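Taking it in order: structure first as structure tokens, then the write-up.
In what follows, chains carry the letters A, B, and so on, assigned in the order in which the sequence lines appear, proteins first and then strands, with residues in each chain numbered from 1. Please read all numbers here as calculations on a predicted model, not as lab measurements.
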Amino acid sequence: MEGNYGCYSDKTRVLDIKPLRTLKPVFPSGNQAPPFVCAPPFGPFPSGFSPFYPFSSSQVNQQAPDLNQSQHPPQHQPQYTPQHQPQNPPQNAPKPSVVTPLKSFGSTDNTSNDDVEPEGSTLKRKTPKKRRPENANFESGISVAGKENGYRELVMDVLMRFDALRRRFAQLEDAKEASSGIIKRPDLKAGSNCMSSGVRTNTKKRHGIVPGVEIGDIYFFRFEMCLVGLHSPSMAGIDYLVVKGEAEEEPIATSIVSSGLYDNNDGDNPDVLIYTGQGGGNAEKDKQSSDQKLERGNLALEKSMKRNSAVRVIRGLRENSHSVKIYVYDGLYDIKESWVEKGKSGHNTFKYKLVRVPGQPPAFATWTAIKKWKAGLPSRQGLILPDITAGVESIAVSLVNEVDADNGPAYFTYSTTVKYSESFRLTQPSIGCDCGNTCKPGNLNCHCIKKNGGDFPYIGNGVLVSRKPMIYECSPSCPCSTCKSKVTQIGLKVRLEIFKTANRGWGLRSWDPIRAGSFICIYAGEAKDKSKVQQTMANDDYTFDTTRVSTPFKWNYEPGLAEEDASVEMSEEPDLPLPLIISAKNVGNVARFMNHTCSPNVFWQPVTYESNSQLVLHVAFFAISHIPPMTELTYDYGVSRPSGTQNGNPLYGKKKCFCGSQYCRGSFG
DNA sequence: GATTACTCATGGGG
DNA sequence: CCCCCATGAGTAAT
């Protein structure tokens, strides 16, 4: 386990972000070992492998292709053992030491200046940095090397910071009086904020794999892909790069975004995409006013096809006309054919047939499979029970085992609620609000909003804006029937399944994508005041204990706040009025199946509201980052506080951790 | 180096 | 419910 700790401290140096608390990894990144060996980047390829780097560009730093970047596909889970951690550091470790010869790697005090380039660096941009007054108060804390070449933790950090800003802008916008005619675009605001303050990575445009971006990753805004270097145009669908050809420079496509609405799939095959070229008015919407020309993106796709140069494909999906558009990074595709077609308006349109490079972990294919499961056509493989809640939840929760013969977890009673023991008494029930049928986010007279420090805790779509020591929701007894603050009181919103993991018993994951900040579930069970309970009964497998110590992490960001000013920010860490333990051994909900990892994608947040003149205290789970379908949901269980203090030293839990994360503490519970 | 062109996402209103 | 449209950002091209 020392290895892991050593690893951790190295990471902190590599990441080069000033406040240590921002270093928290937020995603169970690809720690699974690759099930196969990587093909060489150049030269002839054995069958079954595909040329990811069919031409040599200026990117001498490009890492060898790692097809197994993704952690999502259940197919790869059998590979998942803790032993892989030490065996595979190069696969999953942050890449800067490989990508760019960073002299400062390993030194301890390289956290002070992101403008100073490490000596010996091969980076080209050596211009002494100009002062940009408008940005003077911003410091992203991301090094020059990190901005040029990303790695998993940095990519996740950039995305987390973008979304934190976006949520905050949306919250501020919600609180304003609705002025008509003004289009609110918190995504653009947050995006330019990140751009100007250097919260971005992979700025060096590249072909092929983008370090730190994994196949299957999902995005809710174009800007997100822009900030992590997956697809840089803020609107255009084709991104390209100009490279030196034999005679002259020519454009090569790097990535495309398919709008999803107008591009045709080739029948049912998720590995094929027919893509429409750009230009000529609006070809996709049949509003074309002129012929498309073989230039820019269209030319780039043509040249890429000639060179057998694969492009990244991002598929835009909309589940139904009511839901938001989601972008799924589906890996690399080869351009197999191109032709010209007359659009409905009679003008010429370029069409490209793209076929997915084989051997990549499934991403979009997972979505199409889930769609079928939902329709019930072929039922879910390994399905044991279609709904383990027996209708208690409004959305079914299936029980699945594709791993072994185990046909279910031990018996328990499914309940969506928390049952409080007699000894549990929260005094002084506070009054609710007297708003009308809805609480307006900007209304500072609302009692419930006041309790949250004046901010409405959620934005319109129910996404949590910031972590807080405590969130106060409106009560069932408040008059605001349509109030948007009762997020954790209305049950599940995503389609979950309980599945058998390879080495951690049963786990929880979702068929639906989950946006960062979305409510997932509460921890249901039998709640007790820990101070009034025998020590012995506090720590079985199905106990939530609010006094356990988790690794602190930073999820909230304020626009324009320099890192130095971060100390004025309020603490994010939970603060409860009493130590609470919830036992889900006999009675519980889906939360009892959520496993621990040291790099979680879910956090818990105390929420309280009043009900029948009593305070209800809940442990509610929210997504840290966007979570693609079929990704296991995990949170940091923390470790029990030892009787003696261990100043500064890591605390050790009672159970050995198998999460396999680079940041694994080695134990938990 | 500064300005224009290009692209079409996004969300609100009709 | 669907369609239309104003606004807008980053980057390539000029």
Side-chain angles (χ1 to χ4, degrees), chain A residues 127 130 132 134-135 147 158 162-163 165-167 169-170 173-174 176-207 219-243 248-263 275-301 303 314-318 320-328 343-344 349-350 459-461 463 515:
Chain A
T127 38
K130 284 180 301 192
R132 295 159 302 172
E134 73 274 22
N135 295 332
K147 280 174 190 157
V158 166
F162 164 83
D163 206 56
L165 287 177
R166 189 193 62 80
R167 294 189 306 266
F169 280 125
E173 208 58 59
D174 283 354
K176 286 185 194 158
E177 276 304 310
S179 46
S180 72
I182 293 180
I183 295 173
K184 303 171 189 172
R185 290 293 299 270
D187 59 319
L188 298 185
K189 262 190 174 173
S192 35
N193 201 298
C194 288
M195 281 286 177
S196 62
S197 57
V199 179
R200 56 187 304 192
T201 183
N202 292 315
T203 54
K204 193 174 75 175
K205 195 175 271 194
R206 69 197 70 216
H207 160 268
Y219 305 89
F220 286 77
F221 295 94
R222 292 283 301 252
F223 233 121
E224 294 177 314
M225 297 184 278
C226 196
L227 290 173
V228 300
L230 180 60
H231 185 83
S232 48
S234 54
M235 294 182 192
I238 307 171
D239 197 5
Y240 56 95
L241 185 65
V242 175
V243 300
E248 58 200 353
E249 294 196 329
E250 58 184 29
I252 298 293
T254 56
S255 55
I256 60 168
V257 178
S258 92
S259 73
L261 290 174
Y262 311 103
D263 302 314
Y275 190 75
T276 306
Q278 64 186 188
N282 197 330
E284 291 185 331
K285 290 186 179 173
D286 287 326
K287 296 239 160 183
Q288 214 174 341
S289 54
S290 62
D291 286 349
Q292 290 188 341
K293 297 192 191 76
L294 191 58
E295 57 184 26
R296 301 172 193 280
N298 299 342
L299 180 61
L301 286 171
K303 295 285 185 189
I314 298 111
R315 287 176 178 265
L317 308 174
R318 204 191 290 271
N320 55 62
S321 61
H322 217 59
S323 59
V324 294
K325 189 181 246 184
I326 298 176
Y327 299 95
V328 181
K344 285 194 181 128
T349 309
F350 285 97
I459 50 179
N461 55 9
V463 165
R515 214 201 247 248

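Nearest nucleotide to the side chain of A:Gln278, out of C:dG10, B:dA9, B:dT7: B:dT7. Ranking B:dA9, C:dT11, B:dC8 by closeness to the A:Ser232 side chain, first place goes to C:dT11. Here the nucleotide nearest the side chain of A:Phe221, chosen from B:dT10, C:dA13, C:dA9, is B:dT10. Looking at the side chain of A:Ala236, the nearest of the listed nucleotides B:dT7, C:dA9, B:dT10 is B:dT7. Residue A:Phe223 has its side chain nearest to C:dA9 when only B:dG11, B:dC6, C:dA9 are considered. Of the candidates C:dG10, B:dA9, B:dT7, the closest approach to any side-chain atom of A:Ser234 belongs to C:dG10. Checking C:dG10, B:dA9, C:dA13 against every side-chain atom of A:Met195, the shortest atom distance belongs to C:dG10.
One interatomic measurement links the two molecules: CE of A:Met225 to P of B:dT7, which rounds to 18 Å at whole-angstrom precision. When the C1' atom of C:dT11 is taken as reference, atom CG of A:Leu227 falls 14 Å away, rounded to whole Å.
Under the Watson-Crick or G-U wobble criterion, with both distances below 3.5 Å, C:dC1 is left unpaired in every strand shown.
Proximity of A:Lys205 to the phosphate of C:dA12: a side-chain N or O atom is located under 4.0 Å from OP1 or OP2. Within the 4.0 Å cut-off from OP1 or OP2 of B:dA9, not a single side-chain nitrogen or oxygen of A:Tyr219 is found. Residue A:Tyr240 has no polar side-chain atom (N or O) positioned under 4.0 Å from OP1 or OP2 of C:dG10. Put simply, A:Arg222 has a side-chain N or O that comes within less than 4.0 Å of OP1 or OP2 on B:dA9.
Here A:Arg515 does not pair with A:Asp163 in a salt bridge; the nearest charged N to carboxylate O distance is not below 4.0 Å.
In this structure, A:Val324 and A:Arg296 both approach DNA chain B, and ranking their closest nucleotides by distance from the 5' end singles out A:Arg296.
Contact annotation for A:Asp187: backbone-only contact, meaning every heavy-atom pair under 4.0 Å involves sugar-phosphate atoms and none involves a base.
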